[in-house]
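This is the structure I have questions about; it appears just below.
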Amino acid sequence: MEKSTTFKWHNKIWFVVLVLSFGWLFLHYAYFTVNADDNIFIFLGHRFATTSNFHGSSHYRLPFNKDIHFAREEPQYDRPPVTNVNTLLPEKKDENVRDHVQSLDTMVNEKRHENGRGSFENVNTIEYEKKRANGIKKHRHRHRKVLPKKNHEVENVGMFRNVSKENHFSKDNNKVDLVGAKSTAKKHEGMKNGDIVTSKHPCAGRYIYVHEIPSRFNEDMLKNCASLNKWTNMCDFTSNLGLGPVIEDSTSVFLKRGWFKTSQFLLEVIFHNRMTQYKCLTKDSTIASAIYVPYYAGLDVSRYLWFSNASMKDADSLDLVKWLREKPEWRKMWGRDHFMVAGRITWDFRRIKRDSEDWGNQLLVLPETKNMTVLVIEKSPWANNDFAIPYPTYFHPSRVDQVFSWLRKMRKQKRPYLFCFAGAPRPGREDSIRGHLFNQCRIAEKKCKLLECQVREESKCHQPAYVMEVFQSSEFCLQPPGDSYTRRSIFDSILAGCIPVFFHPGSAYIQYLWHLPKDYTTYSVFISEKDVQDGKVSIEKILSEIPKAKVRYMRAEIIKLIPSIIYTDPRFRLDAVEDAFDVTIKRVLERVDKLRKGVDSSLRVKEELTWKHSLSGIVGEQKWDSFFVKKAG
Ligand SMILES: *[C@@H]1O[C@H](CO)[C@@H](O)[C@H](O)[C@H]1NC(C)=O
Ligand SMILES: *[C@@H]1O[C@H](CO)[C@@H](O)[C@H](O)[C@H]1NC(C)=O
Ligand SMILES: *[C@@H]1O[C@H](CO)[C@@H](O)[C@H](O)[C@H]1NC(C)=O
């Protein structure tokens, strides 16, 4: 009798314990699922909003159910996508978190001290990085979408994120900085007489005026897109404001959104559209720090590169510079404050002789463009009026979280191949090392993935998914010169987190000085093309002997570079990402400012020595002299 009651009693206790634990679990579950996405994040969001860059981001609402997985995977405090911080902060992963935070603190203070009001961007991102180091995980950022309006009338939505206590700028910036709207233009009238220089207005020194050039220099070319190129119908690529068709991809190579089949030759169009999102546009050229000429120079010349005579090739570019020269804006600085994009390699615009059958037009050797800043995808080492900016890649994110997800995906990517090479042989060019690379890759067998473009896999070479998959599966990507020094593939490989291997310093080191670190050893490997030609080196051996830690470090550097080499979707504004466009504009403004003040030393150097000067500021003997002895092109 007694036994059975105890037994029952025991049972009851267990039952109660069980019920209680289930109840507790249930409450926990309910609290975190119901509240977590809302209240907790709102709460955290508010706290952050007072100190960090990321206001307006108090919580992260998932737009669609199917996105949940994607969004949950989203890293909390990922590496900030802003380049200036990348250069400020070494990789601190392995260090003690507290040390990290302390060093960041010092940096914040130093930065504040050093720069007064100017550098809040740095400061904020450092704060941001600090939170990441502290392991705060819940915060999500949601960016603001702004749809562009016609005629550059972009409404300004908070010039800078009005968030931080460190933000020293006046707060009236929430409304008007943007320009384009008539009322704003009026407001600027009052600022003409020099107050703009002294005012603390956040756009001071950053206004850009977009020249309203006749439509035959830009839009009409897009209307006649079928005649832009003898070989390719460019109409396929002009959609989505120049980004090209959306990539519908069922594999896991890309993310769900933000990917386009972009042509490398539409940078002018992408850049022009991206300009509509620029925060300091003005309709008043007298207050502008720089003047943008939205001429589609590359599309223009591409119509005539093959089968046309010199006068045909030059006609439109000559008309354009004549038009510019006759405008009142020109006389102010004789074009030194003008800039434009010519979205092809510089050699397409550098025909020396006036009446000759040589390649290209004369755009970049005209006296007018000699005074301008011209942005190209490959610059001449021996010229001082062109500046190289990244080729467009396939990734054009419309939201900040797409960038974060991509960086994270590339960090975690499995890379079974030591190296890869995607390209076509150049049998016609004796000096080409591509044949050697094919051989070296074949010899390396399973360690190298070869994507041979002109033979069997021709079509695959033009499939973004296939090319990107190869790059994403490799530690190193070989980037030899092709018909010219540079290739679009350089930027596709960086985007894929694949460390580029260069064979000529003209491929990147003297090119993208605005976007890539000066110290090339931090993000790439250099193997001299002469050594490859002479059969002196084994690429496989060199690459496999690089210590694993060094490889990891370089990959981390490469991945940090991604935000600053992509062009974000021009239909959206991603405040937290400083993309290739932002970096370019910053540098153009800096250059024009120096020219205005007469302190730009680059123009005092003999033009042939430009590459040396821009690399090191020194024009004496250098280790790469032998690579740049004769003028190519
Ligand atoms: C933004 O600026 C306004 C005006 O100075 C200020 O009242 C507000 O608190 C700021 N917002 C945040 C989130 O700091
Ligand atoms: C160049 O070609 C165009 C069109 O074919 C022709 O009209 C023009 O006369 C040519 N100019 C010269 C200098 O040959
Ligand atoms: C280029 O600038 C110089 C002054 O720096 C000026 O003398 C010259 O006329 C300008 N060229 C043109 C075509 O305006």
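Remember, predicted model here, so these are calculated numbers, not experimental data.
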Side-chain donor or acceptor of Asp600 paired with backbone N/O of Ser602 under 3.5 Å: yes
pair Thr584-Phe271: side-chain heavy atoms closer than 4.5 Å: yes
Spatial distance of atom OG (Ser544) from atom CD1 (Ile539) [nearest 0.5 Å]: 11.5 Å
Test side-chain contact (heavy atoms from CB on, under 4.5 Å) applied to Leu375 and Val588, step by step: CA-CA 9 Å; Leu375 310 168; Val588 168; 4.1 Å; yes
Side-chain heavy-atom pair Asp579, Ser564 within 4.5 angstrom cut-off: no
Phe387 side chain reached by Lys379 side chain, heavy atoms, under 4.5 Å: no
Least distance between heavy atoms, Leu266 atom then Gly242 atom: CB-O, 3.7 Å
Name of the residue among Tyr485, Phe502, Phe628, Phe503 meeting ring pair (Phe, Tyr, Trp, His ring centres under 6.0 Å) with Tyr509: Phe502
Closest non-hydrogen atom pair, Asn273 against Leu241: ND2-O, 3.0 Å
Gap between atom CG of Leu418 and atom SG of Cys448 - 0.5 Å precision: 8.0 Å
Separation of Arg344 CZ from Gln264 CD (nearest 0.5 Å): 8.0 Å
Sub-4.5 Å side-chain heavy-atom contact between Ser405 and Arg408: no
Whether Ser432 side chain and Arg434 backbone form a donor-acceptor pair below 3.5 Å: yes
Polar side-chain atom of Gln622 near backbone of Ile618 as donor-acceptor pair, under 3.5 Å: yes
Close side-chain approach of Ile247 to Pro464, heavy-atom, < 4.5 Å: yes
Inter-residue atom distance Asp386.CG - Ser380.OG, 0.5 Å rounding: 5.5 Å
Distance in Å, Gln440 CD paired with His436 NE2, rounded so as to fall on 0.5 Å steps: 9.0 Å
Sidechain-backbone polar pair: Gln472 side chain, Ala496 backbone, donor-acceptor under 3.5 Å: no
Candidates Lys548, Lys447, Arg555 - the one meeting side chain to side chain donor-acceptor pair (under 3.5 Å) with Glu475: Arg555
pair check: Cys498 + Cys420, SG-SG < 2.5 Å: no
Glu557 side chain to Tyr523 backbone, donor-acceptor under 3.5 Å: no
Steps toward side chain to side chain donor-acceptor pair (under 3.5 Å) verdict (Arg415, Ser473): CA-CA 4 Å; Arg415 297 178 190 267; Ser473 320; over 6 Å; no
Any donor-acceptor pair under 3.5 Å from Asn229 side chain to Trp231 backbone: yes
Trace of the side chain to side chain donor-acceptor pair (under 3.5 Å) decision for Ser489 with Gln479: CA-CA 7 Å; Ser489 170; Gln479 301 295 356; 3.1 Å; yes
Aromatic ring proximity Trp359/Phe349, centre distance under 6.0 Å: no
Sub-4.5 Å side-chain heavy-atom contact between Trp406 and Val403: no
Least distance between heavy atoms, Ser507 atom then Ile490 atom: O-CD1, 3.3 Å
Any donor-acceptor pair under 3.5 Å from Ser538 side chain to Lys541 backbone: yes
Side chain Asn240, main chain Leu243, donor-acceptor under 3.5 Å: no
Ring centre gap for Tyr567 and His396 strictly below 6.0 Å: no
Shortest non-hydrogen contact from Ala576 toward Val400: CB-CG2, 4.1 Å
Steps toward side-chain contact (heavy atoms from CB on, under 4.5 Å) verdict (Met468, Trp259): CA-CA 12 Å; Met468 286 299 286; Trp259 293 83; 4.2 Å; yes
NZ/Lys594: more than 12 non-hydrogen atoms of other groups inside 6.0 Å: no
Short side-chain to backbone donor-acceptor contact, Asp531 and Val537, under 3.5 Å: no
Verdict with reasoning, Asp625 to Glu621, per side-chain contact (heavy atoms from CB on, under 4.5 Å): CA-CA 7 Å; Asp625 284 353; Glu621 241 175 65; 3.6 Å; yes
Pair Tyr520 and Trp624, ring centroids less than 6.0 Å apart: yes
Among Phe471, Phe395, Tyr394, Tyr512, ring pair (Phe, Tyr, Trp, His ring centres under 6.0 Å) partner for Phe491: Tyr512
Check: Phe237 and Val269 side chains under 4.5 Å, non-hydrogen atoms: no
Glu469 side chain vs Val253 backbone, donor-acceptor pair below 3.5 Å: no
Heavy-atom closest contact (Ser524 atom, Ile499 atom, distance): CA-CG2, 4.0 Å
Short side-chain donor-acceptor distance under 3.5 Å, Asp492 and Thr393: no
Audit row: Asp582, Arg274, side-chain contact (heavy atoms from CB on, under 4.5 Å) steps and yes/no: CA-CA 10 Å; Asp582 292 322; Arg274 182 67 182 73; 3.3 Å; yes
Geometric class of the Phe627/Phe526 ring pair [parallel <30°, tilted 30-60°, perpendicular >60°]: perpendicular
Non-hydrogen side-chain atoms of Met554 and Ile546 separated by less than 4.5 Å: yes
Side chain to side chain donor-acceptor pair (under 3.5 Å) between Ser484 and Glu378, intermediate numbers included: CA-CA 8 Å; Ser484 68; Glu378 172 174 329; 2.7 Å; yes
Lys606 atom NZ, over 12 foreign heavy atoms within 6.0 Å: no
Over-ring placement of Lys409 relative to Phe404, 6.0 Å and 45° cut-offs: no
Closest contact, heavy atoms only, Glu529 versus Pro481: OE1-CG, 3.9 Å
Reported OH-to-CZ distance for the pair Tyr278 and Arg573, which is rounded to 0.5 angstrom: 11.0 Å
